A.B. asks: 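One structure follows; several queries about it will come next.
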Amino acid sequence: MGTTTSAGGTPTAVDTTLADVLVPWFRAHARDLPWRRPGTTPWGVLVSEIMLQQTPVARVEDPWRTWLERWPRPSAMAAAPAADVLRAWGRLGYPRRALRLHAAAQAIAADHDDVVPADVETLESLPGIGTYTARAVAAFAHGQRVPVVDTNVRRVVARAVHGRAEAGPAASRDLADVEALLPGGDPGARDASAESDAAAVTLAGHHEDAATMSAALMELGATVCVARGPRCGGCPVVELCAWQRLGRPAWDGPVRKAQTWAGTDRQVRGRLLDVLRGAPGPVTAEALEKAWLTDPAQRARCLDSLLVDGLVEQMADGRFALPGEAGDVG
DNA sequence: TATTCGTGGCT
DNA sequence: TAGCCAAGAAT
C-alpha cells in the first residue's frame with residue numbers, strides 16, 4: 001500500500017501511490033529485452049545504456065548481443081583498436097559514443113580492476129557517462145536507490161504528477177521529482193502500517209523496488225505514455241494521473257525546434273565515416289571527396305572535425321583511416 | 001542555457 | 001510526405 005496518508009482521511013485510509021501500481025505492472029508487462037535478463041553483467045548494462053542514448057530499442061538489440069559476445073568484459077574491449085570498435089558500432093549513430101565507451105572501458109580496466117563502478121559520482125567521471133547513464137547503471141546493474149531520469153520518465157512525471165502534456169526542457173528539479181516517487185525513501189515519512197510491516201518489507205526490499213520503479217517509469221513512457229498518441233485507455237495509472245484529472249490540457253510551453261538533417265554537417269560526417277567503415281583499410285582523399293560532392297568546403301570542414309574528434313586519422317602517406325588502424329600516424 | 005552530434009522508422 | 005521522435009553527453 002501507499003506511504004502517504006490521505007489529507008483529512010481516516011487513520012486507516014491510505015492513498016495508492018504510482019509505485020504501488022507501476023511496480024507490479026512492470027513485473028507483469030515489461031518487455032523481454034536482452035539486457036534485462038538474469039545474468040546480465042554490469043558491463044552489459046553499461047553497454048546497453050550507452051547504445052540506447054538517443055537510439056530506439058529495436059536498433060540496439062542485435063548490436064548489443066554481438067558486442068557482449070565479442071567483448072564480454074571491459075578489458076577485452078579496451079584492448080581492441082578503436083577502428084574495430086567503430087566498425088562494430090556500425091550504423092547505431094553518434095559514433096563518438098563508441099569512442100567514449102572505448103575510453104570508459106580502458107579506464108575501468110586500468111583504474112577499477114575491470115569492475116564497472118557502482119557509485120554515481122565515479123560513474124559520472126567516466127567518458128560518455130552523464131547524469132542519466134550513471135544513475136541507470138547504479139540502479140539497474142547495482143540495485144541502488146537512485147532516481148533515473150530520461151526523456152520517458154520526464155514525460156510521465158510531467159503528465160501524471162504535474163498535469164502537463166509535455167515535460168519541457170530538462171531541469172535540475174527533475175531528479176528530486178523522481179526521487180520522491182521511489183519507494184523506500186525517508187523512513188520518517190512512512191505511515192504506521194508500513195512500519196508495522198517492517199519485518200516483511202525491509203529497507204533493502206524497498207531499495208530493490210526503487211530500481212524496479214525507475215524501470216517501470218521508463219517502460220510506461222516508452223510503451224504507453226508515449227510522446228505522440230499516448231494510449232491512456234491502456235494505462236495502469238490513468239486513475240492517478242493529474243493530466244487526466246485536468247482534462248488533458250494541451251501543451252502551452254515553448255515548442256522545440258525541429259531537427260534538420262539534409263545538408264547538415266552531421267549528414268556529411270556520416271557519409272565520410274560510412275566510407276571509412278566500409279573500407280578494409282585506409283582510403284585516399286579522393287575516395288572521401290566522392291562521398292560529398294555538393295560542397296567541397298563543407299566536406300573539408302567536416303573531415304577536419306572528424307580528425308579533431310578522433311574519429312578519423314591521417315596516414316603518413318596522406319590517406320585517411322579509422323583511428324588505430326595499423327600503420328597510421330596516430 | 002542552447003547547440004551539436006547519426007540514423008532510420010513511424011505517422 | 002515531411003516532419004517527428006528516439007534509454008543523452010559534452011561544451
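Given the structure is predicted, the values throughout are model-derived calculations rather than measurements. By convention in this document, chain letters (A, B, ...) are assigned in the order of the sequence lines, proteins followed by strands, and residues within each chain are numbered from 1.
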A.B. asks: Salt bridge between Asp274(A) and Arg277(A), side-chain N to carboxylate O under 4.0 Å?
C.D. replies: yes
A.B. asks: From the list dA7(C), dG8(C), dA10(C), which nucleotide is the closest neighbour of the side chain of Gln54(A)?
C.D. replies: dG8(C)
A.B. asks: Under a 4.0 Å N-O cut-off, is there an ion pair linking Arg173(A) with Asp177(A)?
C.D. replies: yes
A.B. asks: Is it the case that Tyr94(A) and Arg100(A) place a side-chain donor and acceptor less than 3.5 Å from each other?
C.D. replies: no
A.B. asks: Heavy atoms under 4.0 Å, any strand shown: does Arg135(A) hit a base, just sugar-phosphate, or nothing?
C.D. replies: nothing
A.B. asks: What is the distance, to the nearest angstrom, from the CD1 atom on Ile50(A) to the P atom on dG8(C)?
C.D. replies: 11 Å
A.B. asks: Out of dA6(C), dA9(C), dG6(B), which has the shortest distance to the side chain of Arg97(A)?
C.D. replies: dG6(B)
A.B. asks: I need the CD-P distance between Gln53(A) and dG8(C), as an integer number of Å.
C.D. replies: 7 Å
A.B. asks: Within the 4.0 Å heavy-atom criterion, would you say Ala258(A) contacts the bases, only the backbone, or no part of the nucleic acid?
C.D. replies: sugar-phosphate
A.B. asks: Does Leu33(A) reach a base, just sugar-phosphate, or nothing at all? Heavy atoms under 4.0 Å.
C.D. replies: base
A.B. asks: Using heavy atoms to find the nearest nucleotide of DNA chain B for Gly270(A) and Ala170(A) separately, return the residue whose nucleotide is more 5′.
C.D. replies: Ala170(A)
A.B. asks: Using the P atom as the reference point in each nucleotide, state the distance between dT11(C) and dG6(B) in Å, no decimals.
C.D. replies: 14 Å
A.B. asks: At 4.0 Å (heavy atoms only), tell me whether Pro169(A) reaches a base, stays on the sugar-phosphate, or touches nothing.
C.D. replies: nothing
A.B. asks: Under 3.5 Å, is there any donor-acceptor pair linking the side chain of Gln259(A) to the base of dC5(C)?
C.D. replies: yes
A.B. asks: What integer distance in Å separates Leu126(A):CG from dA9(C):C1'?
C.D. replies: 13 Å
A.B. asks: At under 4.0 Å between heavy atoms, what does Gly130(A) touch on the DNA or RNA strands: base, sugar-phosphate, or nothing?
C.D. replies: sugar-phosphate
A.B. asks: Would you kindly give the CD-to-P distance between Glu166(A) and dA6(C), to the nearest whole Å?
C.D. replies: 10 Å
A.B. asks: OP1, OP2 of dG8(B) versus side-chain N and O of Arg266(A): anything below 4.0 Å?
C.D. replies: no
A.B. asks: Could you tell me the separation between the CG atom of Leu217(A) and the P atom of dA7(C), rounded to a whole number of Å?
C.D. replies: 13 Å
A.B. asks: Can you see whether Tyr132(A) engages Gln53(A) through a side-chain donor-acceptor pair at a distance of less than 3.5 angstrom?
C.D. replies: no
A.B. asks: Whether Thr55(A) contacts dG8(B) is assessed here as follows: a side-chain N or O lying under 4.0 Å from the phosphate OP1 or OP2. Is that the case?
C.D. replies: no
A.B. asks: Quick one: is Arg96(A) getting a side-chain N or O under 4.0 Å of the dG6(B) phosphate, OP1 or OP2?
C.D. replies: no
A.B. asks: With a 4.0 Å cutoff (strictly under), does any side-chain N or O of Lys257(A) reach OP1 or OP2 of dC4(C)?
C.D. replies: no
A.B. asks: Consider only side-chain N and O atoms of Ser305(A) and Arg269(A), and report whether a donor and an acceptor are under 3.5 Å apart.
C.D. replies: yes
A.B. asks: Taking donor-acceptor contacts at under 3.5 Å, does the side chain of Arg228(A) reach the base of dC5(C)?
C.D. replies: no
A.B. asks: Which sits closer to the 5' end of DNA chain C, Ser48(A) or Gly128(A), going by the nucleotide each is nearest to?
C.D. replies: Ser48(A)
A.B. asks: Would you mind reading off the distance between Leu92(A) atom CG and dG8(C) atom P, rounded to a whole angstrom?
C.D. replies: 14 Å
A.B. asks: Look at the side chain of Arg59(A) and the base of dG8(B), then say whether one donor and one acceptor between them are separated by less than 3.5 Å.
C.D. replies: no
A.B. asks: Indicate whether OP1 or OP2 belonging to dT4(B) is found under 4.0 Å from a side-chain N or O atom of Arg269(A).
C.D. replies: no
A.B. asks: Can you tell me how far P in dT3(B) sits from the matching atom in dA7(C), rounded to whole Å?
C.D. replies: 23 Å
A.B. asks: How is Thr133(A) classified with respect to the nucleic acid when contacts are heavy atoms under 4.0 Å: base, sugar-phosphate, or nothing?
C.D. replies: sugar-phosphate
A.B. asks: Under 3.5 Å, is there a donor-acceptor pair between the side chain of Arg319(A) and the main chain of Ala285(A)?
C.D. replies: no
A.B. asks: Touch check for Arg154(A), heavy atoms < 4.0 angstrom, all strands: base, sugar-phosphate only, or nothing?
C.D. replies: nothing
A.B. asks: Under 4.0 Å, heavy atoms only, any strand: does Trp89(A) hit a base, just the sugar-phosphate, or nothing?
C.D. replies: nothing
A.B. asks: Can a side-chain donor-acceptor contact be found between Arg97(A) and Thr55(A) if the only test is distance below 3.5 angstrom?
C.D. replies: yes
A.B. asks: Could you work out which one of dC5(C), dG6(B), dA7(C) sits closest to the side chain of Pro95(A)?
C.D. replies: dG6(B)
A.B. asks: How close or far is atom P of dG8(C) from atom CG of Leu99(A), stated in whole angstroms?
C.D. replies: 20 Å
A.B. asks: Take atom CG of Leu123(A) and atom C1' of dG8(C), then tell me their distance rounded to the nearest Å.
C.D. replies: 15 Å
A.B. asks: With a non-hydrogen cut-off below 4.0 angstrom, is Arg91(A) in contact with a base, only sugar-phosphate, or nothing?
C.D. replies: sugar-phosphate
A.B. asks: Between dT7(B) and Arg277(A), is there an OP1 or OP2 to side-chain N/O distance shorter than 4.0 Å?
C.D. replies: yes
